[in-house]
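Below are the C-alpha cells for one structure; questions will follow.
Heavy-atom basis, side chains included; hydrogens, waters and symmetry copies ignored.
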Amino acid sequence: MRLFRVLLLTIFILTLVPLPVQAQSSTPSAGVRLIMNEMTTEEKVGQLFLVSFKGTDTSFESQIYDLITRYHVGGVVLTSENDNFSGTNTAEQAYELIDALQRLEWSSAVTPYEDPQTGQVVTSVYVPLFIGINQEGDNYPTDQILNGLTPLPSEMAIGATWDTDLAEQVGLVRGRELATLGFNLNIGPSFDVLETPSSFGSDLGSRVFGGDPFWVGEMGRAYVEGLHKGSDNNLLVIAKHFPGVGGADRLPEQEVSTVRKSLEQLKQIELAPFFSVTGNAISEAAIVDGLLVSHIRYQGFQGNIRATTRPISFDSQALSQILALPQFSNWYANGGLVVSDNLGSPSVRDFYASGGGQFFARVAARDAFLAGNDILYLGNIVSSDAPDSYTTTIRSIDFFVQKYNEDPAFAQRVDASVARILTAKMGIYDNFILSNVVNGGTQLSELGSDTAVTFAVARNSATLISPDLSDLTNVMPLPPQQNEHLVFLTDTVNVKQCSECLSQPVFDSNALESVVLQLYGPQSGNQTEGFRLTSYSLENLQSLLDTPEDYQLMIEDIGRTDWIVITVTDASRGQPALISRFLRERPKKKKKKNVIL
C-alpha cells in the first residue's frame with residue numbers, strides 16, 4: 001500500500017512538472033545513423049556549437065582552424081563586429097572566406113591524423129559547416145555586409161507595403177545572394193510583434209514587420225518562402241526572437257527583458273506569427289527550419305502574475321510547454337531545430353552574474369542545452385574563468401565531452417540533437433561531398449543588381465503620418481514650384497565595414513538634392529534648377545544652433561527657402577530633440593515655409 005502511494009504521488013508530480021524537451025521524436029534516417037556510427041564523441045559534441053572568430057585568417061595558426069579541425073564545431077556565424085568582412089570587394093571576400101572555411105572542414109576530415117590517446121591513425125567524419133549570418137536589411141547597423149549586395153529594405157518598410165508579393169520578392173533576392181556567397185544559415189527574419197513602439201529607442205524599431213500579429217505572420221511567411229525559393233532550398237531559415245520580444249520592456253541583446261503576459265495571451269499576440277511558419281504554414285516553402293530562442297522572461301506565464309520564468313532559453317519547463325502546443329509539436333517532431341540566441345550576449349552574462357556571482361559559460365551552455373536547445377550559439381562568449389572567447393569555447397566543448405562520457409542520459413540527449421542537426425544539413429546537401437557544398441562563384445558578378453524590388457518597396461511603403469490624408473491638400477495644396485527654393489537637412493552617418501576599413505557614408509547630405517536634380521532638373525523636365533537647391537547635414541544644423549555667428553550663409557539659405565525637407569535615419573542620437581530645438585529657436589521669417597520630415 002505504501003509503495004502504491006509513492007507511485008501515485010510520483011505520477012501526480014510528473015503531471016504537474018513537464019519533462020525537459022526531448023530532442024528527437026522520430027527515428028533518424030539510415031544515412032544519418034550511418035554517419036553517427038562513424039563519429040567520435042568529440043565530433044558529435046562539436047556539432048552542437050555555433051561559434052564566432054575574429055578577422056579572416058583561416059591558416060594553421062588561427063583559432064578558427066583549431067576549432068574546426070580539433071574541436072569539430074558544427075558551424076560559424078560571421079559578423080562585421082568581428083571584422084569577418086573587409087571594406088573592398090566585400091561580397092567577393094566573404095565568398096572566399098566561406099569557401100576557405102568549408103574546404104578547411106573537408107581537408108581536416110579526409111587527412112589522416114594520429115590519435116594522441118591511442119596512437120592509431122584515424123580520419124574524421126566529414127560534415128559540412130553551418131555558415132550563418134544575420135543580414136536584416138536597411139544597411140547599417142542591421143546588415144553585416146554593407147557593400148556588394150543588393151541594398152534591401154528593413155522589415156518595417158516591407159510591412160508598410162501591406163504586399164506579401166513584395167515581401168516574397170525581397171526574400172528571393174536575399175536568399176539568392178546569400179546562397180551565392182555560400183551562406184547556408186540565415187538568422188532571421190524577426191517575427192516579433194511591436195504593439196507599442198517606444199520613443200526612447202528601447203525596442204526593435206524597424207527590425208519588425210509591424211504591430212499586427214496577423215500581418216506580421218503574413219509578411220514573415222512570404223519572406224521565408226522567398227528565402228527558400230531564392231536559395232533553391234540551400235539556406236536554412238531560423239525565425240527570431242522566439243517566443244516573441246515585441247512587448248518586452250528593453251532590448252533583449254543588452255539585458256534580460258520581461259514580458260508580462262500569460263501563455264494564453266502570448267498565443268494571441270507574440271506566438272501567432274510563429275504559428276504561420278510552423279504548424280499553420282500553408283506551404284512547405286513557408287516552414288522555417290528553426291526557431292531562435294530569446295533570453296527573455298515571462299511574468300504571469302502560468303496565470304500567476306507574481307511568478308516569473310527564468311529566461312525562456314534556460315527554462316526547460318516553460319520552453320517544453322510552448323513547444324508542446326499543437327502548432328509547434330508536429331513541426332518539432334518533423335525535425336525543426338531549436339537554436340539558442342547568443343549565449344555570449346551581455347544579457348546572459350548579467351543574468352548569471354547577478355548578485356555578485358560569476359558567469360561560467362559552460363554552465364550557461366549546459367542549461368540552455370538541457371532546456372531544449374539543439375544548437376548553442378556561443379558568439380563572443382567570455383567566461384569569468386577564461387581570458388578570451390576562444391578559451392571559453394574549447395572549455396565548454398570539453399565540458400560537454402566529459403558529460404557525454406560520464407552521463408548516459410546526457411549522451412542520449414546529445415545524440416538526439418546531433419541527429420536533428422545532421423538531418424537538417426543533409427536536407428541542404430543530400431550527400432556530404434565537397435562539390436555539393438562549395439560553388440565556383442560563377443554568379444558573383446550578378447550580386448547587387450536586383451534593385452527593382454528595393455525601389456518597389458520604397459514606392460509602396462511611404463507612409464503619411466501627419467497630417468491626415470484628407471487634410472494634406474489644405475496644408476500643402478501644391479508641390480514645389482519652379483521658382484521656389486528647397487533646403488535639405490539630412491541625418492548623415494559614416495560607418496566602417498571593419499575596424500581597419502575606411503569610413504563610408506550611409507547617406508550623403510546631398511543625396512536627396514542629387515536625386516531631385518536627376519528627376520526634375522534641367523535635363524529631366526526642367527522643373528527646378530541646381531541653384532534653388534541647398535543641402536546641409538544635421539551636424540551643420542547643430543553647429544548653427546550652437547554658434548549661429550559662424551553659419552550666416554546657412555541662416556540666409558534657410559531664411560529665403562520655401563521648403564525645408566528633413567531626413568532622419570534613426571532616433572538614437574538625439575535627432576528629435578535637435579529638430580524640435582531648430583523649429584523652436586529659428587521661427588519662420590517673412591513667409592510661411594513648408595516643412596517635411
Side-chain angles (χ1 to χ4, degrees), residues 54-56 78-94 97 133-157 177 200-202 204-207 251 253-254 380 447-448 451 454-455 457-458 486-518 533-547 550-551 553-554 557-558 564-582 596-597:
K54 300 282 187 180
T56 59
L78 302 181
T79 66
S80 58
E81 176 188 3
N82 285 329
D83 288 345
N84 295 138
F85 308 110
S86 68
T88 57
N89 299 321
T90 309
E92 183 177 344
Q93 175 267 319
L97 175 60
I133 191 171
N134 186 4
Q135 188 84 352
E136 297 187 57
D138 207 25
N139 204 272
Y140 176 86
T142 48
D143 275 343
Q144 303 302 313
I145 299 177
L146 304 181
N147 305 299
L149 301 181
T150 300
L152 293 174
S154 66
E155 288 186 25
M156 183 168 286
E177 294 195 335
F200 301 102
S202 59
L204 294 172
S206 63
R207 298 160 59 192
L251 285 173
E253 294 94 339
Q254 299 301 320
N380 293 328
L447 296 175
T451 55
T454 304
F455 287 111
V457 171
L486 290 84
V487 167
F488 299 95
L489 302 177
T490 302
D491 186 12
T492 58
V493 180
N494 290 321
V495 301
K496 290 183 176 182
Q497 177 65 81
C498 63
S499 59
E500 300 299 322
C501 297
L502 296 176
S503 293
Q504 61 185 69
V506 173
F507 202 58
D508 283 322
S509 61
N510 65 346
L512 280 178
E513 177 183 339
S514 299
V515 172
V516 168
L517 277 177
Q518 178 186 343
L533 310 178
T534 311
S535 297
Y536 295 99
S537 68
L538 290 191
E539 290 181 353
N540 297 144
L541 181 62
Q542 179 75 61
S543 299
L544 178 147
L545 295 175
D546 293 340
T547 57
D550 297 332
Y551 285 83
L553 180 60
M554 184 176 176
D557 286 336
I558 293 175
I564 299 176
V565 181
I566 306 171
T567 302
V568 179
T569 58
D570 63 58
S572 65
R573 293 173 287 113
Q575 297 96 324
L578 175 63
I579 294 167
S580 295
R581 181 186 171 191
F582 165 65
I596 298 176
L597 175 63

4.5 Å side-chain heavy-atom contact, D508 and T492 =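 Contact flag for D508/T492 side chains = no.
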
Heavy-atom closest pair, residues S154 and D138 =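 That closest heavy-atom pairing would be CB-CB, 3.6 Å.
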
request  = Step by step, work out the salt bridge (Lys or Arg N to Asp or Glu O under 4.0 Å) result for R207 and E136.
outcome  = CA-CA 7 Å; R207 298 160 59 192; E136 297 187 57; 3.3 Å; yes

ask   = So T569 and V506, side chain to side chain contact (heavy atoms under 4.5 Å, CB included) or not? Walk me through it.
value = CA-CA 9 Å; T569 58; V506 173; 5.7 Å; no

key: Distance-minimising heavy-atom pair for F85 and Q93   =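 Taking F85 first and Q93 second, the nearest heavy atoms are CA-OE1, 3.1 Å.
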
Gap between atom OG of S509 and atom CD of E539 - 0.5 Å precision =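 The distance works out to 9.5 Å.
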
Distance-minimising heavy-atom pair for A157 and V457 =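 Smallest heavy-atom distance, with atoms named: O-CG1, 3.8 Å.
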
ask   = If you draw a 6.0 Å radius around CD in Q504, do more than 12 non-hydrogen atoms from other residues or ligands fall strictly inside?
value =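 Yes, CD of Q504 has more than 12 neighbouring heavy atoms, counting only those of other groups under 6.0 Å.
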
request  = Kindly say whether D143 contributes a backbone atom to a donor-acceptor pair with the side chain of Q135 at under 3.5 angstrom?
outcome  =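 Absent.
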
message = Side chains of S537 and N540 only: does a donor on one sit below 3.5 Å from an acceptor on the other?
response =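 On atom types as modelled, these side chains qualify, holding a pair under 3.5 Å.
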
query = Residues two or more places apart in sequence or in another chain: which of them pass salt bridge (charged side-chain N to carboxylate O under 4.0 Å, His left out) with D550?
reply =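 For D550, no residue satisfies salt bridge (charged side-chain N to carboxylate O under 4.0 Å, His left out) once neighbours in sequence are set aside.
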
query = Do the side chain of N510 and the main chain of S535 share a donor and acceptor less than 3.5 angstrom apart?
reply =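 No: the side chain of N510 does not pair with the backbone of S535.
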
request  = With the side chain counted from C-beta on, respond yes when L486 and V516 share a heavy-atom pair under 4.5 Å apart, and no when they do not.
outcome  =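 A side-chain contact is absent here, since even the closest heavy-atom pair is not under 4.5 Å.
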
query = If you take all heavy atoms of E513 and T534, which pair is closest and at what distance?
reply =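 Smallest heavy-atom distance, with atoms named: OE1-C, 3.8 Å.
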
message = I'd like to know if the side chain of E81 and the backbone of N380 have a donor-acceptor N/O pair within less than 3.5 Å.
response =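 Between the backbone of N380 and the side chain of E81 there is no qualifying donor-acceptor contact (under 3.5 Å).
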
ask   = Any luck finding a side-chain donor-acceptor pair between D546 and S543 under 3.5 Å?
value =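 Note: D546 and S543 side chains miss the donor-acceptor criterion.
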
ask   = When rounded to the nearest 0.5 angstrom, what is the spacing between CD1 in I579 and CG in L489?
value =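 Output value for this atom pair is 8.5 Å.
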
ask   = So V487 and Y536, side chain to side chain contact (heavy atoms under 4.5 Å, CB included) or not? Walk me through it.
value = CA-CA 8 Å; V487 167; Y536 295 99; 4.2 Å; yes

inquiry  = Return the CG to OG distance between L533 and S514, rounded to the nearest 0.5 Å.
reply    =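 Taking CG in L533 and OG in S514, the distance rounds to 9.5 Å.
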
Distance (rounded to the nearest 0.5 Å) between C501 SG and K496 NZ =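 It is 8.0 Å, given to the nearest 0.5 Å.
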
ask   = Do I558 and I564 pass the side chain to side chain contact (heavy atoms under 4.5 Å, CB included) test, and can you show the C-alpha distance, the side-chain angles, and the key distance before you say yes or no?
value = CA-CA 8 Å; I558 293 175; I564 299 176; 4.1 Å; yes

ask   = Can you name the nearest heavy-atom pair linking G448 to T451, along with the distance?
value =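 So the minimum-distance heavy-atom pair works out to O-CG2, 4.0 Å.
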
query = Quick one: does T90's side chain have a donor or acceptor within less than 3.5 Å of a partner on I145's backbone?
reply =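 Between the backbone of I145 and the side chain of T90 there is no qualifying donor-acceptor contact (under 3.5 Å).
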
query = Taking it one step at a time, do L146 and V495 satisfy side chain to side chain contact (heavy atoms under 4.5 Å, CB included)?
reply = CA-CA 9 Å; L146 304 181; V495 301; 3.8 Å; yes

key: For D491, salt bridge (charged side-chain N to carboxylate O under 4.0 Å, His left out) partners two or more places apart   =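 Salt bridge (charged side-chain N to carboxylate O under 4.0 Å, His left out) list for D491, sorted by chain: R573.
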
Donor-acceptor side-chain pairing of S80 and Q144 below 3.5 angstrom =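 Q144 and S80 do have a side-chain donor-acceptor pair below 3.5 Å.
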
inquiry  = Using a 3.5 Å distance criterion without hydrogens, assess whether the side chain of N84 forms a donor-acceptor pair with backbone atoms of T79.
reply    =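 Judged by distance alone, yes, a pair lies under 3.5 Å.
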
request  = Drop me the distance from T567's OG1 to L538's CG, to the nearest 0.5 angstrom.
outcome  =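 The distance works out to 8.5 Å.
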
query = Does atom CG of L502 have more than 12 heavy-atom neighbours from other groups under 6.0 Å away?
reply =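 No, CG of L502 has 12 or fewer neighbouring heavy atoms, counting only those of other groups under 6.0 Å.
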
request  = Please report the shortest heavy-atom distance between E177 and L149, naming the atom on each side.
outcome  =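 That closest heavy-atom pairing would be OE1-CB, 3.4 Å.
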
inquiry  = Rounded at 0.5 Å granularity, tell me how far CZ in F582 sits from CD in Q542.
reply    =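 Answer for the CZ-CD pair, F582 versus Q542, is 12.5 Å.
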
inquiry  = Using the side-chain contact (heavy atoms from CB on, under 4.5 Å) definition, which of the options N494, N139, T490 pairs with F507?
reply    =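 Of the listed options, the one satisfying the test is T490.
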
message = Strictly distance-based, threshold 3.5 Å: is any side-chain N or O of D83 a donor or acceptor partner for the main-chain N or O of K54?
response =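 No, because the side chain of D83 does not come within donor-acceptor range (under 3.5 Å) of the backbone of K54.
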
